[in-house]
Amino acid sequence: VLEEISSAIGPSALANITKAEQIFCYQVSDRPANYTGYTIDGFAVYGFCGIITDDLKKIIISELFTNQDNILFDVTEKCTIRPRLLLRFVRGVDNTDVLLSSPCHSYAIFYGGKINTFNAKPAAQIIDALINPLTQNKLDFVSPALTNQLMPIGLPQTPEQAEQLNKNKTPARKWE
């Protein structure tokens, strides 16, 4: 991983990315003022777009974290970041989020209340090649709380979970 990135995000965030046990993909957008749905890092969650494979993880790390040619550290773009995908890198109970933006090609890393943004304009084709197919795989997001946290990715994994979700439209734990 490039020194500028690792020193900016810190060793724990970096370990979550490089040693992630799973990577979840969420379709996100800026949160409208009247939005009452689910959020991650302050962004509105519009869908779940899958679990990132190990092969795709290697490509993401190679192109966005280790390739000096794909990041402009000293150049800021005059464009508006449009959140498109959020990749949640999970290691144990810890996670680091990476927000991908297009058409203002950049990515932001969220960890421990800190946000670090990197200009990835040279990697525009790579970011679009990630975003476009993953957003086509979008499924509606379902809160894990509705099924007593049995669905860590927000989707029913078994027929029993699907049946419980269909029966249970209120939080299973009856929190006040």
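Model, not experiment: these values are computed from the prediction. Counting begins at 1 with the first residue of the sequence.
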Enter the distance from I5:CD1 to I71:CD1 here, rounded to the nearest 0.5 Å.
5.0 Å
Heavy-atom count around R31 CZ within 6.0 Å, excluding the residue itself: above 12?
no
Hey, which of L87, L130, I59 is the one that makes side-chain contact (heavy atoms from CB on, under 4.5 Å) with I52?
L87
Does some side-chain heavy atom of I17 sit less than 4.5 Å from a side-chain heavy atom of V98?
yes
Value for SG (C49) from CD (Q27), rounded to nearest 0.5 Å, stands at 6.5 Å
Would you check if the side chain of Y107 reaches a backbone N or O of L64 as a donor-acceptor pair within less than 3.5 Å?
yes
Can you confirm if the aromatic rings of Y35 and F43 lie within a centre distance of less than 6.0 Å?
no
Here's a test for you: under side-chain contact (heavy atoms from CB on, under 4.5 Å), which of I60, T18, L14 qualifies with F65?
I60
So, do I23 and I51 sit near enough that their side-chain heavy atoms are less than 4.5 Å apart?
no
Do the non-hydrogen side-chain atoms of S106 and I81 ever get within less than 4.5 Å of each other?
yes
Closest contact, heavy atoms only, A44 versus P32
CB-CD, 4.3 Å
Could you grab the distance from atom CG of L85 to atom CD1 of I127, nearest 0.5 Å is fine?
10.0 Å
Would I109 end up clustered with I115 when hydrophobic side chains under 4.5 Å apart are linked, directly or stepwise?
no
OG of S7 to CG of L2, rounded to nearest 0.5 Å, is 10.0 Å
Within 6.0 angstrom of K57 NZ, more than 12 heavy atoms from elsewhere
yes
Measure the spacing between SG of C25 and CZ of R88 and express it to the nearest 0.5 Å.
12.5 Å
Candidate pair N119 and H105, rule side chain to side chain donor-acceptor pair (under 3.5 Å), full reasoning
CA-CA 7 Å; N119 182 346; H105 296 93; over 6 Å; no
Would L134 and I61 show up in the same hydrophobic cluster when neighbours are defined by side-chain heavy atoms closer than 4.5 Å?
yes
In terms of ring plane angle, is the pair F48 and Y26 parallel, tilted or perpendicular, where the classes change at 30° and 60°?
perpendicular
How are the rings of F73 and F118 set to each other: parallel, tilted or perpendicular (split at 30° and 60°)?
perpendicular
When you compare the side chain of Q68 with that of E4, does any pair of heavy atoms fall below 4.5 Å?
yes
Quick one: does T53's side chain have a donor or acceptor within less than 3.5 Å of a partner on L56's backbone?
yes
Please report the closest heavy-atom contact between P133 and D128, naming both atoms and the distance.
CD-O, 4.1 Å
Spacing of R82 atom CZ and L100 atom CG [to the nearest 0.5 Å]:
16.0 Å
Consider only side-chain heavy atoms of I, L, V, M, F, W and Y, link residues closer than 4.5 Å, and tell whether Y46 and L86 are in one cluster.
no
Output yes when a side-chain donor or acceptor of N16 lies under 3.5 Å from a complementary backbone atom of F89, and no otherwise.
no
Using side chain to side chain donor-acceptor pair (under 3.5 Å) as the criterion, point out the one residue from D41, D97, N95, D94 that pairs with Y111.
D94
